[in-house]
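Please read these numbers as outputs of a predicted model, since none were measured by experiment.
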Amino acid sequence: MDIQIPLDKNDVCILIPALNEEATIKQLIEDFQAEGFENILVIDGHSHDRTRELAEESGARVVVQEGKGKGQAVQEAFQLIEDPYTVMIDGDGTYLASDIYTVLGPLLEGKADQTIGNRFANYEPEAFTKLNLTGNKVLNKLFGLAYGVWLEDILTGYRGFTRKVIKGLSLNEMGFEIETEITVESVKNEMKVEVVPITYVSRHSAAATKLNPFRDGIKIGKTIIRMARLHNPMFYFGIFGTILTLAGVGTGLYVVNEWLSGVTRIPMTILTALLILTGIQMFVFGMLSDLIVSLHRENMRMLRKNNER
Ligand SMILES: Nc1nc2c(ncn2[C@@H]2O[C@H](COP(=O)(O)OP(=O)(O)OP(=O)(O)O)[C@@H](O)[C@H]2O)c(=O)[nH]1
Ligand SMILES: [Mg+2]
């Protein structure tokens, strides 16, 4: 398949974060070269295997990241890249080079600043473990609830960016929370994000995952909620408000039940009142913070408009 819009393939930097991916890195680079993409940057996480050697041999540019973690690697790479377009892809061979046209399309047409390759559109049955499939679905739902946009697959490892995006994002996350942070920042800055269908295949049998579904899943969930404090405070404070109010309703039902049978529980009554009042206060915090965030967003929108002029 070839793209309709004239494209100088050297204007596209293929960014591959890789840590111990000797089983797949060479083939992946060659697949991109076969499609005519020669501008390939591998950001290596101090691999202990032959990843760097194989990548260099295949003709990619290899930079060893200064710190640790996929997030730090991506941030460092974003500083190095000056090309108009960047396509980021995991080095574990689970994504196809031939899907690049789908990922690039909306960027080249000017329809989007960022594209998200949706793995759920087409995946091999073994590509996701049961746990990963459930975890991804839960985190996507949580993201949708927290930010009010449905992006299908926020944790995908295949994404496209314009230069404006990679230079405009302010990123801090060091580990696997980076995908979440990129997505949240883009939504916050009202960038145009488009979801595109891609294929997700099983991991090579010799390659090991660097992701711990429990530890990293919880970290990602926490990042979604923590970042929502600044983007959608009603959601953030609403969670705490709901928990406190429900606890208050629970103790309240107990107090009323006891009272009906002739026993008065004074300390429990006080606790009930405190729980419900604090819960309601949380909702009020949420509403006030929402107001502040809306005003700030309006200011940012005007600033952006002025800058674009
Ligand atoms: N530079 C760098 N790359 C990393 C680091 N950790 C992981 N990666 C790479 O980031 C990509 C994603 O890592 P994976 O282990 O495949 O994680 P995942 O795709 O989220 O999880 P799976 O579903 O298990 O494949 C791979 O290409 C890894 O080699 C790191 O600390 N530094
Ligand atoms: Mg992977």
Side-chain angles (χ1 to χ4, degrees), residues 13 15 71-72 74-88 103-104 106-117 139-156 159-196 219-241 282-309:
C13 175
L15 168 63
Q72 195 277 331
V74 171
Q75 289 178 42
E76 195 174 325
F78 278 5
Q79 282 182 353
L80 296 174
I81 298 172
E82 295 298 338
D83 305 290
Y85 303 100
T86 299
V87 169
M88 182 162 86
V103 173
L104 272 175
L107 304 179
L108 298 174
E109 287 164 19
K111 283 206 294 202
D113 306 310
Q114 186 186 154
T115 48
I116 288 185
L139 291 169
N140 279 317
K141 282 256 152 52
L142 182 64
F143 181 89
L145 270 177
Y147 300 94
V149 273
W150 183 243
L151 293 174
E152 311 276 348
D153 188 10
I154 61 157
L155 301 175
T156 180
R159 327 170 80 106
F161 306 97
T162 59
R163 179 165 44 205
K164 180 177 116 187
V165 171
I166 64 169
K167 296 298 176 197
L169 292 175
S170 106
L171 303 172
N172 300 298
E173 296 296 338
M174 296 297 173
F176 285 107
E177 304 90 320
I178 192 72
E179 277 93 4
T180 311
E181 193 181 29
I182 290 177
T183 316
V184 173
E185 278 292 309
S186 311
V187 171
K188 208 166 91 185
N189 294 332
E190 299 180 332
M191 289 170 177
K192 284 179 278 174
V193 181
E194 193 157 317
V195 181
V196 292
K219 274 199 206 162
I220 292 167
K222 277 186 173 165
T223 309
I224 295 178
I225 293 175
R226 180 169 44 78
M227 295 189 79
R229 190 164 55 106
L230 291 176
H231 181 75
N232 185 357
M234 197 56 212
F235 171 82
Y236 179 82
F237 288 105
I239 290 180
F240 297 106
M282 283 289 166
F283 283 108
V284 177
F285 279 163
M287 274 153 57
L288 290 176
S289 314
D290 231 34
L291 194 68
I292 298 173
V293 168
S294 306
L295 291 173
H296 175 71
R297 195 171 295 144
E298 202 48 49
N299 284 339
M300 292 304 286
R301 204 172 284 153
M302 277 190 324
L303 267 178
R304 261 198 305 274
K305 249 195 198 145
N306 278 343
N307 282 346
E308 272 164 21
R309 257 188 224 145

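Partners of Thr115 according to the side-chain hydrogen bond (donor to acceptor under 3.5 Å, both in side chains) rule, which considers only residues two or more places apart in sequence or in another chain, do not exist here. Legend: residues meeting side chain to side chain contact (heavy atoms under 4.5 Å, CB included) with Gln79, ordered by chain and number and at least two apart, are absent. Partners of Asp83 according to the salt bridge (Lys or Arg N to Asp or Glu O under 4.0 Å) rule, which considers only residues two or more places apart in sequence or in another chain, do not exist here. Contacts of Glu185 classified as salt bridge (Lys or Arg N to Asp or Glu O under 4.0 Å), with partners at least two apart in sequence or in another chain: Lys188. Remark: Thr162 pairs with no residue by the side-chain hydrogen bond (donor to acceptor under 3.5 Å, both in side chains) rule, at least two apart or across chains. Under the side-chain hydrogen bond (donor to acceptor under 3.5 Å, both in side chains) criterion, Glu179 pairs with Lys70, not counting sequence neighbours. Taking Lys167 as the reference, Glu82 meet the salt bridge (Lys or Arg N to Asp or Glu O under 4.0 Å) condition, with sequence neighbours excluded. Annotation: side chain to side chain contact (heavy atoms under 4.5 Å, CB included) contacts of Glu76 (sequence neighbours excluded): Ile43, Val63, Gln65, Glu66, Gln72. Residues that satisfy the side-chain hydrogen bond (donor to acceptor under 3.5 Å, both in side chains) test with Gln75, not counting sequence neighbours, are absent from this structure. Considering only residues two or more places apart in sequence or on other chains, Lys111 meets the salt bridge (Lys or Arg N to Asp or Glu O under 4.0 Å) condition with Glu109.
Between Ile154 and Thr183 the shortest heavy-atom distance is O-OG1, 3.7 Å. Nearest heavy atom pair, residue Gly241 against residue Met282, reads CA-CB, 3.5 Å. In plain terms, the two heavy atoms of Ile224 and Ala146 that are nearest each other are CG2-CB, 4.1 Å. Scanning both residues, Pro106 and Val196, for their nearest heavy atoms gives CG-CG1, 3.8 Å.
Residue pairs that meet the side chain to side chain donor-acceptor pair (under 3.5 Å) test with at least one member in residues 285-298, sequence neighbours left out, are Glu298-Arg301. Within the structure, side chain to side chain donor-acceptor pair (under 3.5 Å) pairs that include any residue of residues 222-236 comprise Glu173-Arg226 (at least two apart or interchain).
When side chains are defined from C-beta on, Met287 does not count as touching Phe237, because their heavy atoms never get closer than 4.5 Å. Taking the side chain as every heavy atom from C-beta outward, Met191 and Leu169 approach each other to under 4.5 Å.
One distance of note links CZ of Phe161 with SG of Cys13; it measures 11.5 Å at 0.5 Å rounding.
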